[in-house]
Amino acid sequence: MANFAKPDVPRFSVDVYQNEYLPEGGREVNAIVTVTATGGGTIGKGPGAAAAGRRPSAAVAVMVDCSGSMDYPPTKMRHARDATAAAVDTLRDGTHFAVIGGTHVATEVYPGGGRLAVAGPAAREEAKRALRRLSAGGGTAIGTWLRLADRLLASADVTLRHGVLLTDGRNEHESPDDLRAALDACAGRFTCDARGVGTDWEVKEVTAIASALLGTADIVADPAGLAADFTRMMETAMGKDVADVALRVWTPVGTAIRFVKQVAPAVEDLTGRRTEAGPRAGDYPTGSWGDESRDYHLCVEVPPAGLGREMLAARVSLVVPGPDGTAQNLGAQGLVRAVWTDDMTASTAISPQVAHYTGQAELAQVIKQGLDLRKVGDFDGATAKLGRAVQLASASGNADTAKLLAKVVDVVDAATGTVRLKTRVAEADEMTLETRSTKTVRVKK
């Protein structure tokens, strides 16, 4: 384990959990890499916090769906206004911010003029007065909202840029390619949390937005819960201290990386997001960090070696962009090893951490497969997949997911995964299970 700290940013540490022993001819090395950041957030959160320490360097854009469907029921728009006001109240002093109204076009609600406001008592009150003018009408083109947010956030000389996006419907007024192009353009420029309110939105659209922009996705089935959710989201955003942290993985000649996945607090495959970082090294984006810990599953293919041989299979470190644009190493480092042995007990043992997160990744996969099969009427296939999900959730102690599954299936025997599909399932329950399917529980070390 190694760690690093500098004033006003978290101290990062890296721990590696693996069984480094391979049988003769063995080639696959698996390791769980735990990255922990501590000691950040020194100025606290909320109004007035800037006076307690360093000057904040953050910008936030809140994108509020104002399409016609937000008027059904009429209270939905009121709750969205209240939630946005709550988010504005949670901004720490000095944070740059803007509110965007989203329909088939994107509109600057506050402050306007292609600029950002700076949070303080007067700006918060002005913003909340502007929110009263929000009304529903028009279509939905989320890509335009994201592009406007990107332009506004880029106008601030800050290190942390964050978006919050709320929608209640499907992205019907632009093509999927247009949305994907917008996400590609915004990726790496700001992080974004996405929320679906009610049950008329598309889970895969909202989760894809959060995934591409390294944020969180969730459902708020009852609009009355929006204010509390927005407050929690903004508190978390205000607790971030360092942006654009990348997991740098170096591997020696002859090795190949099979995959790099975040596995806690949620499953996110980072393999395809690699950017080359010099000879045999690649960077995998992890977004912004405050005081928190995350786990990553690294799988490396190594060349076979003789008994008694050992090698460094991978070196994992953390980097951020430096002032001159080159990567700055945060000093935290972990080593992944491979040792070939004829000790069958050693070489066949599975690391508890690797086993746990392999099961959590499978859990997320079979939930999505089961729900997709249920939607197309393959009830036998859905029962098998969701039964396996129940079995995995029970074995791993993922109580939250087990509770969500129990709203979709009747559990006969959790240990064996014996279930029956419920004949009637509330749409909100099914969408909640799908949206939260990637959330994991930490391994008990």
Side-chain angles (χ1 to χ4, degrees), residues 60-65 80 83-84 87 100 102 140 142-143 145-146 149-150 161-171 176 179-180 182-184 186-223 225-237 240 261-270 272-273 285-289 292 294 360-361 363-365 367-369 371-372 389 398 400-401 403-405 408 427-441:
V60 176
V62 182
M63 293 159 272
V64 184
D65 193 334
T84 307
I100 295 168
T140 305
I142 294 174
W145 315 354
L146 293 166
D150 183 33
R161 296 179 175 85
H162 190 76
V164 172
L165 185 148
L166 173 70
T167 184
D168 82 322
R170 293 170 175 82
N171 196 46
L179 177 57
R180 172 47 57 188
L183 290 171
D184 289 343
C186 295
R189 294 174 60 81
F190 66 94
T191 56
C192 185
D193 295 321
R195 294 294 185 267
V197 59
T199 57
D200 293 327
W201 48 281
E202 179 60 50
V203 171
K204 288 180 174 59
E205 284 180 350
V206 170
T207 54
I209 292 166
S211 175
L213 302 182
L214 298 174
T216 64
D218 208 349
I219 179 174
V220 185
D222 182 353
L226 280 174
D229 185 76
F230 268 44
T231 298
R232 286 192 298 269
M233 269 196 295
M234 199 56 71
E235 285 175 345
T236 300
K240 300 297 184 182
K261 297 177 182 178
Q262 178 184 285
V263 288
V267 177
E268 187 67 59
D269 194 343
L270 303 177
R273 304 188 193 189
T286 68
S288 302
W289 286 70
E292 59 189 293
R294 307 179 197 172
Q360 293 289 283
L363 173 60
Q365 181 181 45
I367 287 174
K368 291 183 177 180
Q369 291 172 339
L371 292 176
D372 285 344
N398 195 330
D400 289 341
T401 298
K403 290 176 184 176
L404 295 175
L405 282 162
V408 177
E427 191 170 14
D429 289 337
E430 184 174 353
M431 291 178 70
T432 301
L433 175 60
E434 184 175 2
T435 306
R436 298 178 184 172
S437 61
T438 60
K439 296 185 184 298
T440 58
V441 291

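Residues: numbered from 1 along the sequence shown.
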Practice task
Rounded to the nearest 0.5 Å, what's the gap from CD on Gln360 to NZ on Lys261? Could you check?
Solution key: 12.5 Å

Handout entry: Residue list, side chain to side chain donor-acceptor pair (under 3.5 Å) with Thr401, at least two apart or on another chain
Key = Asn398

Handout entry: Residues that Thr432 engages under side chain to side chain donor-acceptor pair (under 3.5 Å), provided they are two or more places apart
Key = none

Handout entry: Heavy-atom check, side chain of Ile142 versus side chain of Thr140, under 4.5 Å
Key = yes

Completion exercise
Correct closest heavy-atom pair for Ala187 and Ala212 would be CB-O, 3.9 Å

Completion exercise
Correct closest heavy-atom pair for Ala364 and Val267 would be CB-CG2, 4.5 Å

Fill in the blank from the handout: Applying salt bridge (charged side-chain N to carboxylate O under 4.0 Å, His left out) to Asp400 and not counting sequence neighbours gives none

Handout entry: Leu433 vs Leu405, side-chain contact (heavy atoms from CB on, under 4.5 Å): CA-CA, chis, key distance, verdict
Key = CA-CA 7 Å; Leu433 175 60; Leu405 282 162; 3.8 Å; yes

Exercise for the section: Apply side chain to side chain contact (heavy atoms under 4.5 Å, CB included) to Ala228 and list each qualifying residue two or more places apart in sequence or on a separate chain. Expected result: Arg232

Exercise for the section: Check for a donor-acceptor pair, side chain of Ser437 on one end and backbone N or O of Lys368 on the other, with a separation under 3.5 Å. Expected result: no

Exercise for the section: Using a strict cut-off of less than 4.0 Å between a Lys/Arg side-chain nitrogen and an Asp/Glu carboxylate oxygen, indicate whether Asp184 and Arg180 qualify as a salt bridge. Expected result: yes

Practice task
Output all residues satisfying salt bridge (charged side-chain N to carboxylate O under 4.0 Å, His left out) with Glu430, sequence neighbours left out; order by chain, then residue number.
Solution key: Arg374

Handout entry: Atom of Met63, atom of Ala149 and distance for their closest heavy-atom approach
Key = SD-CB, 3.8 Å

Exercise for the section: Evaluate the side-chain proximity of Thr236 to Lys240: yes if any heavy-atom separation is below 4.5 Å, no if none is. Expected result: yes

Exercise for the section: Start with the C-alpha distance between Phe190 and Leu146, add both sets of side-chain angles, then the distance that settles side-chain contact (heavy atoms from CB on, under 4.5 Å), and finish with yes or no. Expected result: CA-CA 10 Å; Phe190 66 94; Leu146 293 166; 4.2 Å; yes

Fill in the blank from the handout: Scanning both residues in full, the closest heavy-atom pair of Leu183 with Ala208 reads CD1-O, 4.2 Å

Fill in the blank from the handout: Sequence neighbours excluded, the answer for side chain to side chain contact (heavy atoms under 4.5 Å, CB included) partners of Thr286 is Val245, Leu247, Trp289, Arg294, Tyr296

Exercise for the section: For Thr167, check side chain to side chain donor-acceptor pair (under 3.5 Å) against everything at least two apart and list the hits. Expected result: Asp65

Completion exercise
Distance col, row Cys192:SG vs Leu165:CG, nearest 0.5 angstrom, shows 5.0 Å

Problem - Heavy-atom donor-acceptor pair, Thr191 side chain to Leu213 backbone, under 3.5 Å - result: no

Problem - Shortest non-hydrogen contact from Gly143 toward Leu179 - result: N-CD1, 3.9 Å

Practice task
For Glu268 and Ser211, test the side chains for any donor-to-acceptor distance below 3.5 angstrom and give the result as yes or no.
Solution key: yes

Problem - With sequence neighbours excluded, residues passing side chain to side chain donor-acceptor pair (under 3.5 Å) with Thr84 - result: none

Practice task
Look up atom CG in Asp193 and atom CD1 in Ile209, then write down how far apart they are to the nearest 0.5 Å.
Solution key: 11.5 Å

Practice task
Determine whether Ile219 and Glu434 make a side-chain contact, defined as any pair of heavy atoms from C-beta on separated by less than 4.5 Å.
Solution key: no

Handout entry: Non-neighbouring partners of Glu205 that pass side chain to side chain contact (heavy atoms under 4.5 Å, CB included), sequence neighbours left out
Key = Arg170, Asn171, Glu202

Problem - Which residues share a salt bridge (charged side-chain N to carboxylate O under 4.0 Å, His left out) with Lys403, sequence neighbours left out - result: none

Exercise for the section: To the nearest 0.5 Å, tell me how far Thr438 OG1 sits from Leu363 CG. Expected result: 10.0 Å

Handout entry: Under the side chain to side chain contact (heavy atoms under 4.5 Å, CB included) test, residues paired with Lys439 that sit two or more places apart
Key = Arg436

Problem - Results of salt bridge (charged side-chain N to carboxylate O under 4.0 Å, His left out) for Arg161 - residues two or more places apart only - result: none

Practice task
Would you mind reporting whether Leu214 and Gln262 have side-chain heavy atoms less than 4.5 Å apart?
Solution key: no

Exercise for the section: Heavy atoms only: give me the nearest Cys186-Asp150 pair and the separation to one decimal. Expected result: SG-CB, 3.9 Å

Fill in the blank from the handout: Exactly one of Thr435, Asp218, Asp229 clears side-chain hydrogen bond (donor to acceptor under 3.5 Å, both in side chains) with Arg195, and that residue is Asp229

